Amino acid sequence: MSSRSHPHPTTQADRPRLSRDYFARSAVEVAREILGTKLVRLEPGRSRLSGWITEAEAYIGPEDLASHARHGHTDRNSAMWGEPGHAYVYFTYGMHWMLNLVTEVDGRPGAVLVRGMLPDEGLETIRKRRNRPDPQLTDGPAKLCQSLAIDGNLDGHDLCVPEAELYLNPGVEIPDRAVTIGPRVGLNHVPEPWLSQPWRFRVNPGFLTDLVEKESGA
DNA sequence: AGGACGATTAACT
DNA sequence: GTTAATCGTCCTG
């Protein structure tokens, strides 16, 4: 099956994917809960890449002045307004792609920005694409997209169908004591209260790496 | 038509 | 700590 040169005990065959119902909740709830789940990328005719999500932010709707939904339904943010469980992928700063997971009920534009992960499968491929030291491979939203070859082709992609090329698997449970909650980052010209809402969720550095080492029987 | 700016990153002082 | 890179999107007029 796998073309990896050495087995990795934490790499498993597909488990049940996170379902439409999973995403059909508030963005804040989903942003917290997806920590530790596994983001899986199947590249057509190529390899299978994956990693455990370590950081996410919630964008709750049109009233949230930090959200792209603040301008209403536009061509770019169209995926946000659709069915939950799809990807919203956008281009910014003239060079970077960002991955969001559409949440909330159909018609309400909630989204969760995936800001970081700990790589699992496809590490060699990711290293080639990033050409950086391991800690800096996927510790940012644009780095993660570069690593997994996520771009505009995946905008609107359905994460909850069998043929999905991008989806989530259950991963490891992250206890509250291992999560740091704070304001979202990179927001400019965003007024209060939106600027300071504690909608960024991050797994404490080291927690997942330690856990993964134990699981792989080190 | 023009301009401001961006849910970032890497390099630099 | 600061700043350049780089261009699509959305606003104003």
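Since we're looking at a predicted model, the values are computed, not measured. Numbers restart at 1 for each chain; the letters A, B, ... are given by sequence-line order, proteins then strands.
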N/O (side chain, A/R130) to phosphate O (OP1/OP2, B/dA10) under 4.0 Å: yes

Proximity to the side chain of A/T74 - top-ranked nucleotide from B/dA7, C/dC10, B/dT9: C/dC10

Nearest-angstrom distance from the residue atom CG of A/D155 to P of C/dT9: 10 Å

Below 4.0 Å: OP1/OP2 of C/dC11 and any side-chain N or O of A/R70: no

Distance in angstrom units between A/L144 CG and B/dT9 P, rounded: 10 Å

Sugar-phosphate, base or nothing in reach of A/N100, heavy atoms under 4.0 Å: base

Minimum-distance nucleotide to A/H96 side chain [options: C/dC11, B/dG6, B/dT9]: B/dT9

Length of the CG-C1' vector between A/N77 and B/dA7, whole Å: 13 Å

B/dA7 base stacked by A/Y59 (centroids within less than 5.5 Å, tilt under 30°): yes

Stacking of A/F91 on C/dG8 base (centres under 5.5 Å, planes under 30°): no

Salt-bridge contact A/R32-A/E173 (side-chain N to carboxylate O under 4.0 Å): no

Rounded distance in Å - CG (A/L187) to P (B/dC5): 15 Å

Spacing of A/L39 atom CG and A/L166 atom CG [to the nearest 0.5 Å]: 5.0 Å

Ranges pairing with ranges for DNA chain C, where each run has three or more Watson-Crick or G-U pairs under 3.5 Å: B:1-6 with C:7-12, B:8-12 with C:1-5

Pairwise P distance for C/dT3 and B/dC5, with rounding to whole Å: 16 Å

Nearest non-hydrogen partners of A/S50 and A/K38, listed with the distance: OG-CD, 3.6 Å

Whole-Å distance separating the CG atom of A/D151 from the P atom of C/dC7: 16 Å

Contact under 4.0 Å: A/R200 side-chain N or O vs B/dA7 OP1/OP2: no

Nearest-Å distance for atom pair CG/P, residues A/N131 and B/dA10: 11 Å

Of the listed nucleotides B/dA7, B/dC5, B/dT8, the one nearest the side chain of A/H68: B/dA7

Pairwise 5' ranking along DNA chain B for A/H189 and A/K143, keeping only the more 5' one: A/H189

Whole-Å P distance, B/dG2 and C/dT6: 23 Å

Side-chain donor or acceptor of A/T54 paired with backbone N/O of A/G116 under 3.5 Å: yes

Sugar-phosphate only, base, or nothing, as touched by A/R76 at under 4.0 Å among non-hydrogen atoms: sugar-phosphate

Modelled atom types, side-chain donor and acceptor of A/Q146 and A/R130, under 3.5 Å: yes

Presence of salt bridge, A/E55 and A/R200, under 4.0 angstrom: yes

Test side chain to side chain donor-acceptor pair (under 3.5 Å) applied to A/W194 - qualifying residues, sequence neighbours left out: none

Integer-rounded Å distance: C/dC11 C1' and A/D75 CG: 16 Å

DNA chain B contacts among residues 110-117 of chain A, heavy-atom distance under 4.0 Å: A/L113, A/R115

Audit row: A/Y90, A/H68, ring pair (Phe, Tyr, Trp, His ring centres under 6.0 Å) steps and yes/no: CA-CA 10 Å; A/Y90 70 88; A/H68 288 176; 4.4 Å; yes

Lys/Arg N to Asp/Glu carboxylate O, A/R184 vs A/E57, below 4.0 Å: no

Sugar-phosphate, base or nothing in reach of A/A142, heavy atoms under 4.0 Å: sugar-phosphate

Among B/dA7, C/dC10, C/dG8, the one nearest A/H71 by side-chain distance: C/dC10

Gap separating the CE atom of A/M117 from the OG atom of A/S147, nearest 0.5 angstrom: 5.5 Å

Length of the line joining A/Y93:OH and B/dG6:P, which is rounded to integer Å: 6 Å

Main-chain N/O of A/V105 paired to A/R108 side chain as donor or acceptor, under 3.5 Å: no

Of the listed nucleotides C/dC7, C/dA5, B/dA10, the one nearest the side chain of A/M95: C/dA5

